[in-house]
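Heads up: the structure comes next, in structure tokens.
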Amino acid sequence: MATLAALEYHLVSYRRTWRSSVFSSFALPAMFLVAMGVTVGHYVDARSTAIGVPYLDYIGPGLLASTALQVAIGESTWPVFSAFNWIRTYHAMRASPLTSGAIVRRHLLYILLRVLLATAGFLLVLLPFGALHSWWALATPLPALLVGLACATPCFAFAAAVDNDGFFAVLFRLAVVPMTLFSGVFFPVEDLPGPARLLAYASPLWHGVELCRAATLGTPTAWGVPLHTAALLLWSAAGYALALRYFTRKLED
């Protein structure tokens, strides 16, 4: 109950600022889908049939999973750092009966809600494009939530551990951007060289892309649903353990 009560702070804050997230969460992905799926996709479809489906149908679920990643990381970097170092919201919460674990969980719940809203909206955008070929597409928000959790939890730990927000630029340049470009969103990872392919397989985004694409196209995944799900849960569990450790150290030591 304490975790649910703590969630109220973020819900009230989001109620006042939700309009600012509409463009980044809905309009921008839709525009990117048109630019890449329709415009670039026209040239890809005219020159190659290697992926087996229209390019828009191929990258649509990949962009959905990527949106989950972007929302999760965006909400778990500067906002977490700010709550520790600038406005010290976490310290105020810790002065109440809330534990460090409750603080972590309630913020994660809020981020998962943001991911759910963004990916559900993106799914609705895919519908008029005819990119949904299976009723399993209705389950697409589930792997998107797993992607969000797998990305948010380690970022929580990172944001709690660093003492300068400049480290987030490094995080985006060395992790987020390469993961977005080379995790199967725009082209099959099998086209990558061996070492780069192994890095793609290790990333949470690739597993999420495979699950989302399998759901929207009604096709099998590369490694099977249980293995992809287990990989995302492993990322989530490891990230949560690290986040709890750093939150406890920073709020209670």
Are L64 and V225 linked, directly or through other ILVMFWY residues, by side chains that come within less than 4.5 angstrom of each other?
yes
Side chains of V176 and T180, heavy atoms from C-beta outward: is any pair under 4.5 Å?
yes
For G148 versus L112, what's the shortest heavy-atom pair and its separation?
C-CD2, 4.5 Å
Can you tell if the side chain of F167 reaches within under 4.5 Å of the side chain of L171, non-hydrogen atoms only?
no
Could you state the interatomic distance from CG (L126) to CD1 (I59), rounded to the nearest 0.5 Å?
9.5 Å
Is there a continuous path of hydrophobic side-chain contacts, each under 4.5 Å between heavy atoms, that joins W223 to L211?
yes
For the backbone of G218 and the side chain of H133, can you confirm whether one donor and one acceptor N or O come within less than 3.5 Å of each other?
no
Interatomic spacing from CH2 in W78 to CZ in F168 - rounded to 0.5 Å
7.0 Å
Ignoring hydrogens and geometry, is there a side-chain-to-backbone donor-acceptor pair from E210 to A222 under 3.5 Å?
yes
Distance under 6.0 Å and angle within 45° of the ring axis: does K250 meet both against F84?
yes
Please examine the side chains of P204 and M179, heavy atoms only from C-beta on, and report whether any two atoms are closer than 4.5 Å.
yes
Does R106 form a side-chain contact (heavy atoms from CB on, under 4.5 Å) with Y110? I'd like the steps, not just the answer.
CA-CA 6 Å; R106 67 96 169 104; Y110 166 73; over 6 Å; no
Using only atom types and a distance under 3.5 Å, with no angle test, would you say the side chain of R94 pairs donor to acceptor with the backbone of L98?
yes
Heavy atoms only: give me the nearest C212-T140 pair and the separation to one decimal.
SG-CG2, 3.7 Å
With a 6.0 Å cut-off on ring centres, are F182 and W206 close enough?
no
Can you find a heavy atom in the side chain of L233 that is under 4.5 Å from one in the side chain of T229?
yes
Measuring from Y58:OH to L56:CG, what's the distance to the nearest 0.5 Å?
13.5 Å
Between A118 and V71, what is the shortest heavy-atom contact and its length?
CB-CG2, 3.9 Å
Run L123 and L132 through side-chain contact (heavy atoms from CB on, under 4.5 Å) and show every step you take.
CA-CA 9 Å; L123 198 62; L132 306 181; 3.9 Å; yes
Do the side chain of R213 and the main chain of G184 share a donor and acceptor less than 3.5 angstrom apart?
yes
Any donor-acceptor pair under 3.5 Å linking the side chain of S134 with the backbone of A137?
no
Tell me whether V209 shares a hydrophobic cluster with W136, the cluster being built from Ile, Leu, Val, Met, Phe, Trp, Tyr side chains joined at under 4.5 Å.
no
For A68 and A144 the tightest heavy-atom approach is CB-O, 3.5 Å
Let me check something: do L234 and L244 share a hydrophobic cluster, defined by ILVMFWY side-chain heavy atoms less than 4.5 Å apart, either directly or through other members?
no
Once you round to the nearest 0.5 Å, how far does OG1 of T153 lie from NE2 of H107?
13.0 Å
Rounded to the nearest 0.5 Å, the CG atom of L116 sits from the CD1 atom of I111 at a distance of 13.5 Å
Rounded to the nearest 0.5 Å, what separation is found between the CG atom of L69 and the CG atom of L63?
12.0 Å
Going by atom types only, do S203 and S183 share a side-chain donor-acceptor pair under 3.5 Å?
yes
Where A72 and C151 come nearest, the two heavy atoms and their spacing:
CB-CB, 4.5 Å
L217, L138: one ILVMFWY side-chain cluster at the under-4.5 Å cut-off?
no
Would you sort out whether F247 and V80 count as a side-chain contact (heavy atoms from CB on, under 4.5 Å), showing the intermediate values?
CA-CA 10 Å; F247 268 63; V80 173; 3.9 Å; yes
Determine whether the aromatic ring centres of W235 and H207 lie less than 6.0 Å apart.
no
The test is side-chain contact (heavy atoms from CB on, under 4.5 Å); show your working for T77 and F158 and say whether it passes.
CA-CA 8 Å; T77 46; F158 185 74; 5.7 Å; no
Pairs of donor and acceptor atoms involving the side chains of residues 188-197, under 3.5 Å and at least two apart or interchain, shall be tabulated with distances.
from, atom 1, to, atom 2, distance (Å)
R197, NE, L192, O, 3.4
R197, NH2, L192, O, 2.9

Of all the heavy-atom pairs spanning L149 and P154, show the shortest one and how long it is.
O-CD, 4.4 Å
Main chain of F156, side chain of Y246: is a donor-acceptor contact present, judged purely on distance under 3.5 Å?
no
Counting N and O atoms only, with roles assigned by atom type, does the side chain of N85 sit under 3.5 Å from a partner on the main chain of F81, one being a donor and the other an acceptor?
yes
